[in-house]
Amino acid sequence: VRRSRGWAWLAAGLLPAVLLMILWPEPPLLSPKTLEVTAIDVGQGDSIFVAGPDGKTMLIDAGGPVGGLNEAAAASSRFDVGEDVVSPYLWSRRIRRLDILVLSHAHSDHMGGMPAVMRNFQPRELWVSIDPNSEAYRALLAEAHDLGITVRHFYAGDRIAWDNTQITVLAPQPGYANPGEPVNDDSLVLRMQYGRASVLLEGDAEAPSEDAMLASGRMKPVTLLKVGHHGSKTSTTPAFLAAADPKEAVISVGKGNTFGHPRFEVLERIEDAHARLYRTDEFGLTTFLLDNGGGIREASSASN
């Protein structure tokens, strides 16, 4: 009897530990002490996953249907890039909650997948800039409010300390306003610094926004450039590229897209700048790992 009671007490003592092992989530698959920037292959759109050196997470854009003419068809489709591409990737990295969700601007190929991502990963904050005249954008803000997500607006000159990095907002400028439909120059442009390494995340900013960034005096060379507007000729001006002077560059672009992205002249510019170029239409999902000494390396996933 004493022996059976002993086993009973042992089982009772072990039960909480077993339940904890079952219920306690495994840690995310991240690379400590590096700044990770992953260009997720969402076709003709943008979605960039960022993991900070101390393990915080950020997603900038979430892909979506391309262009207003496709939105009606996309609405009737069962495919949702946020649910079917971006979320499974984040789950594969054991991400259960995002710290920050960033919307560069309210075009469907950047914003369309966001509602699913917000519901699945309950980000603590949603970062935006200006508020254009867009029903889809207003619906996104309303859903963020319903989910208890803090919405923060940023403009050029704002600085944010985040997970052992320093984020500087380069665009849009404080005086910029757009009461009309969303446009590319609405893009919230972020520069992230980790030690001597840095990344410039340009959204779809075009030449007027790039010129304003240059005029502001805030442009500095970076380790990695996320090329603006999928490599369109409207972005990545020679002066802007010279100021950014990246070691490596990545273009998020759809294979066989009808826009002719990336444009030959932009590719030629990047080659002339001696920056190593990656494209999601050719390389697929690509992860860049930046160390605080200024080094950068690529991996198919941060767990490799």
Side-chain angles (χ1 to χ4, degrees), residues 21 24-41 46-62 86-102 104 117 120-127 152 154 158-170 188-203 218-227 244-252 275-278 280 283-304:
M21 291 173 62
W24 192 261
E26 293 181 281
L29 295 172
L30 303 175
S31 294
K33 305 307 176 186
T34 64
L35 175 61
E36 176 195 329
V37 180
T38 294
I40 303 172
D41 184 2
D46 264 22
S47 188
I48 307 292
F49 173 67
V50 178
D54 294 334
K56 289 190 177 180
T57 56
M58 173 186 295
L59 184 75
I60 303 166
D61 297 330
V86 179
S87 291
Y89 172 70
L90 296 177
W91 283 323
S92 77
R93 301 290 302 275
R94 299 178 187 166
I95 306 296
R96 287 167 173 78
R97 187 174 190 186
L98 287 166
D99 292 293
I100 308 292
L101 184 62
V102 182
S104 67
V117 170
N120 289 335
F121 297 94
Q122 303 285 312
R124 292 171 173 81
E125 295 183 0
L126 171 63
W127 292 4
R152 301 180 65 186
F154 292 99
D158 290 335
R159 294 171 64 87
I160 311 108
W162 181 76
D163 202 41
N164 204 24
T165 72
Q166 182 67 50
I167 300 175
T168 303
V169 181
L170 298 184
L188 179 62
V189 179
L190 304 179
R191 186 185 191 280
M192 303 184 71
Q193 185 84 35
Y194 173 50
R196 295 182 179 178
S198 54
V199 57
L200 179 56
L201 303 163
E202 205 184 351
R218 298 188 183 96
M219 281 293 298
K220 298 177 183 178
V222 294
T223 311
L224 173 66
L225 172 67
K226 202 296 291 184
V227 175
D245 191 24
K247 292 181 180 178
E248 302 194 359
V250 60
I251 299 176
S252 183
R276 183 181 296 177
L277 177 64
Y278 296 81
T280 57
F283 291 83
L285 178 147
T286 305
T287 292
F288 303 87
L289 301 175
L290 291 77
D291 62 61
N292 63 3
I296 181 171
R297 62 186 177 90
E298 301 74 43
S300 59
S301 70
S303 59
N304 286 354

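Bear in mind the structure is a predicted one, so any value in this text is a computation, not a measurement.
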To the nearest 0.5 Å, atom OG1 of T280 lies from atom CD1 of I251 at 8.5 Å
### Query
Should D291 and R196 count as an ion pair when the cut-off is N to O under 4.0 Å?
no
Inset, instruction - Report yes or no: does K33 contribute a side-chain atom to a donor-acceptor pair with the main-chain N or O of D54 at less than 3.5 Å? - result: no
The ring-ring contact (aromatic ring centres under 6.0 Å, His included) partners of Y278 (sequence neighbours excluded) come to F283, F288
The salt bridge (charged side-chain N to carboxylate O under 4.0 Å, His left out) partners of D245 (sequence neighbours excluded) come to none
Taken in chain and number order and not counting sequence neighbours, the residues that satisfy salt bridge (charged side-chain N to carboxylate O under 4.0 Å, His left out) with R96 are none
S198 backbone acceptor or donor facing T223 side chain under 3.5 Å: yes
Run the side-chain contact (heavy atoms from CB on, under 4.5 Å) check on M58 and L98 step by step: do they pass? CA-CA 6 Å; M58 173 186 295; L98 287 166; over 6 Å; no
| field | Donor-acceptor under 3.5 Å (T287 side chain, L285 main chain) | value | no
I want to check something: taking the side chain as every heavy atom from C-beta on, are I48 and I40 in contact at a cut-off of under 4.5 Å?
no
**OP:** Decide yes or no for P53 and T165: does some side-chain heavy atom of the first lie under 4.5 Å from some side-chain heavy atom of the second?
**Re:** yes
V250 and A39 have their tightest heavy-atom pair at CG2-CB, 3.9 Å
Here the gap from L200 atom CG to L190 atom CG, rounded to the nearest 0.5 Å, amounts to 8.5 Å
The ring-ring contact (aromatic ring centres under 6.0 Å, His included) partners of F49 (sequence neighbours excluded) come to none
Residues A275 and P246: closest non-hydrogen pair is CB-O, 3.4 Å
So OG1 of T38 and CG of L289: to nearest 0.5 Å the spacing works out to 7.5 Å
E248 meets the side-chain hydrogen bond (donor to acceptor under 3.5 Å, both in side chains) criterion, sequence neighbours left out, with none
Across all chains, not counting sequence neighbours, the salt bridge (charged side-chain N to carboxylate O under 4.0 Å, His left out) partners of K220 are none
CG of L225 to CG of L277, rounded to nearest 0.5 Å, is 9.5 Å
All heavy atoms of T57 vs all of R97, minimum pair found to be OG1-O, 3.6 Å
Sorted by chain and residue number, the salt bridge (charged side-chain N to carboxylate O under 4.0 Å, His left out) partners of D99 (sequence neighbours excluded) come out as R124
query: Would you say the side chain of L126 lies within less than 4.5 Å of the side chain of I100, judging by non-hydrogen atoms?
result: no
Interatomic distance, NZ@K247 vs CG@L290, rounded to 0.5 Å, equals 9.0 Å
Donor-acceptor pair, distance only, cut-off 3.5 Å: does the side chain of R94 make one with the backbone of L29? no
Sequence neighbours excluded, the answer for side-chain hydrogen bond (donor to acceptor under 3.5 Å, both in side chains) partners of R159 is T168
Residue set satisfying side chain to side chain contact (heavy atoms under 4.5 Å, CB included) with R152, at least two apart, ordered chain then number -> E125, W127, T150, F154
All heavy atoms of G284 vs all of D41, minimum pair found to be CA-OD2, 3.9 Å
Smallest heavy-atom separation, L35 atom then V50 atom, equals CD1-CG1, 3.8 Å
Practice prompt. Find out whether V102 and L188 are in side-chain contact, i.e. whether some heavy atom of one side chain is under 4.5 Å from a heavy atom of the other.
Written response: yes
**Prompt:** Taking 4.0 angstrom as the limit, do E202 and R191 come out as a salt bridge?
**Reply:** no
Is a side-chain donor or acceptor of D163 paired with a backbone partner of A51 at a separation under 3.5 angstrom? no
For this session: For the residue pair S47 and D61, confirm or rule out a side-chain donor-acceptor distance under 3.5 Å.
Result: no
Residues at least two apart in sequence or cross-chain that pass side chain to side chain contact (heavy atoms under 4.5 Å, CB included) with N292, listed by chain then number, are Y194
task: For V169 and I160, run side-chain contact (heavy atoms from CB on, under 4.5 Å): C-alpha distance rounded to whole Å, both residues' side-chain angles, the deciding distance at 0.1 Å, then the answer.
output: CA-CA 8 Å; V169 181; I160 311 108; 4.0 Å; yes
Taken in chain and number order and not counting sequence neighbours, the residues that satisfy side chain to side chain contact (heavy atoms under 4.5 Å, CB included) with S87 are W91, V117, N120, F121
By side-chain hydrogen bond (donor to acceptor under 3.5 Å, both in side chains), S252 pairs with (sequence neighbours left out) D46
